[in-house]
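Worksheet: the structure to be examined is printed underneath.
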Amino acid sequence: MCDLLRINTDRGVMIADGKSRFSINGKPIYHFVGTSTFSEYTVMHVGCVAKINPQAPLDKVCVLSCGISTGLGASINVAKPPKGSTVAVFGLGAVGLAAAEGARIAGASRIIGVDLNPSRFEEARKFGCTEFVNPKDHNKPVQEVLAEMTNGGVDRSVECTGNINAMIQAFECVHDGWGVAVLVGVPHKDAEFKTHPMNFLNERTLKGTFFGNYKPRTDLPNVVELYMKKELEVEKFITHSVPFAEINKAFDLMAKGEGIRCIIRMEN
């Protein structure tokens, strides 16, 4: 979030001189959010490099650099569910499952997964989800369903879809007086968040987060240590692995929603 290095998806160039570090046939190849992920060697801004435990296996901890840390931190650092609390997680992709994992680590007693795809429910149990709601199964708004299930609303909710309706539902499903909703998903640029002001006056809290409120350089090494101490299970997020030559297969898996995280191996 710092002024210099804050996420800028449109930048595509290095900060120092406004140019890319790669080209092909004289044409520049642009960097994605300050990195060049699909290259064997790259040039990074010093502020984007985190020094981690040299014993950590890179083919495992590489998945901590975005989705898992984002969801985990959204629960642990931002929602901060008290022990024994109820948490609703909207969207059970990699980020949502990481949010469920964070709620589990924090000691939540009920973790309710909300997703339109029921095939994700069984997998989500491994990440701490105890109950599931498919909005399609109900003829009333899902926030009302959750309020009925939890005697007035959940203590915390974490929204991981980027869908503006899910964002509104996540806010409106938390309990008056102490409920906290955390928005993680990135919405369409023209989306507008609409809710009745009474939801704020009734002392609900709405928060947002980028990267789970982790500071990459200083905090990411600590997340790696959670894995090294076996407090965070990274392996269960990794469902596929393909060589670089099959990178399009990895994109297909992502587009179809099959699997959680796919590792792309840099090998000949």
Side-chain angles (χ1 to χ4, degrees), residues 5 7 9 21-22 29-77 91-105 119-120 122-129 160 184 210-268:
L5 294 173
I7 288 175
T9 53
R21 292 295 179 265
F22 297 102
I29 297 173
Y30 293 101
H31 303 256
F32 174 70
V33 291
T35 66
S36 298
T37 315
F38 302 136
S39 49
E40 292 174 272
Y41 299 92
T42 190
V43 178
M44 307 278 294
H45 189 284
V46 65
C48 298
V49 181
K51 185 178 181 181
I52 63 168
N53 186 332
Q55 304 298 314
L58 295 178
D59 62 341
K60 302 291 191 297
V61 298
C62 60
V63 296
L64 294 175
S65 62
C66 185
I68 296 175
S69 296
T70 298
L72 189 75
S75 285
I76 294 175
N77 299 334
L92 297 175
V95 178
L97 293 174
E101 180 89 342
R104 179 188 68 76
I105 291 171
S119 67
R120 291 180 166 173
E122 203 50 47
E123 187 78 26
R125 290 188 193 281
K126 300 177 191 172
F127 298 84
C129 281
C160 305
V184 180
F210 250 140
F211 198 57
N213 276 31
Y214 284 120
K215 292 181 179 177
R217 288 184 71 189
T218 50
D219 293 342
L220 205 53
N222 298 330
V223 180
V224 171
E225 289 309 310
L226 281 179
Y227 165 70
M228 297 299 282
K229 290 187 285 190
K230 296 186 166 50
E231 292 174 26
L232 170 64
E233 298 172 19
V234 167
E235 283 84 357
K236 61 189 178 185
F237 288 92
I238 302 169
T239 52
H240 297 83
S241 176
V242 300
F244 185 73
E246 296 177 25
I247 189 170
N248 286 344
K249 183 178 174 185
F251 279 108
D252 291 340
L253 288 165
M254 181 178 70
K256 291 175 186 169
E258 295 176 11
I260 305 170
R261 276 286 179 264
C262 179
I263 303 296
I264 297 164
R265 305 187 305 275
M266 288 291 191
E267 59 187 39
N268 296 326

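To the nearest 0.5 angstrom, L97 atom CG is 6.0 Å from F237 atom CZ. Distance check: T42 OG1 to H31 NE2 gives 6.5 Å after rounding to the nearest 0.5 Å. Rounding to the nearest 0.5 angstrom, the gap separating the CD1 atom in I260 from the NE2 atom in H240 is 9.5 Å.
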Would you tabulate the side-chain donor-acceptor contacts of residues 251-258 under 3.5 Å, counting partners in other chains and residues two or more places apart, or write 'none'?
none

Under 3.5 Å, which donor-acceptor pairs do the side chains of residues 68-75 form with other protein atoms, sequence neighbours left out?
{"from": "S69", "atom 1": "OG", "to": "L64", "atom 2": "O", "distance (Å)": "2.3"}
{"from": "T70", "atom 1": "OG1", "to": "C66", "atom 2": "O", "distance (Å)": "2.9"}
{"from": "S75", "atom 1": "OG", "to": "A99", "atom 2": "O", "distance (Å)": "2.6"}

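In this structure, the side chains of V61 and V234 stay at 4.5 Å or more apart for every pair of heavy atoms. Within the 4.5 Å cutoff, no side-chain heavy atoms of R265 are placed close to those of D59. Counting only heavy atoms from C-beta outward, the side chains of E235 and Y227 approach each other to under 4.5 Å. Between P57 and M228, some side-chain heavy-atom pair lies under the 4.5 Å cut-off. Using a 4.5 Å cut-off on side-chain heavy atoms (C-beta onward), E225 and N53 make contact. Between F127 and E233 the shortest side-chain heavy-atom distance does not fall below 4.5 Å. Looking at I264 and V242, their side chains come closer than 4.5 Å, going by heavy atoms from C-beta outward.
Taking every heavy atom of both residues into account, Y214 and N77 meet most closely at CE2-ND2, 3.2 Å. The heavy-atom pair separating A250 from C262 by the smallest distance is CB-SG, 3.7 Å. Across all non-hydrogen atoms, the minimal contact from L92 to A124 is CD1-CB, 4.0 Å. I76 and I105 make their closest contact through CD1-CG2, 4.3 Å (heavy atoms, listed as atom of the first residue, atom of the second, distance). L220 approaches F211 most closely through the heavy-atom pair CD1-CZ, 4.0 Å. V224 and A56 get closest at one heavy-atom pair: CG1-CB, 3.7 Å.
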- [ ] Walk me through it: do L58 and I52 pass the test side-chain contact (heavy atoms from CB on, under 4.5 Å)?
- [x] CA-CA 10 Å; L58 295 178; I52 63 168; 4.2 Å; yes
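The number of heavy-atom neighbours closer than 6.0 Å to OH of Y30, taken from other residues, nucleotides and ligands shown, is 12 or below. When the shell of 6.0 Å around NZ of K249 is examined, it contains 12 or fewer heavy atoms from other residues, nucleotides or ligands.
When atom types are taken as modelled, the side chain of R261 and the backbone of A94 share no donor-acceptor pair closer than 3.5 angstrom.
In terms of the salt bridge (Lys or Arg N to Asp or Glu O under 4.0 Å) criterion, residue partners of K126 (sequence neighbours excluded) are, by chain and number, E123. For E231, the salt bridge (Lys or Arg N to Asp or Glu O under 4.0 Å) test picks out no residue, with sequence neighbours left out. Listed by chain and number, the residues in a salt bridge (Lys or Arg N to Asp or Glu O under 4.0 Å) with R217 amount to none (sequence neighbours excluded). F244 meets the ring pair (Phe, Tyr, Trp, His ring centres under 6.0 Å) test with no other residue; sequence neighbours excluded.
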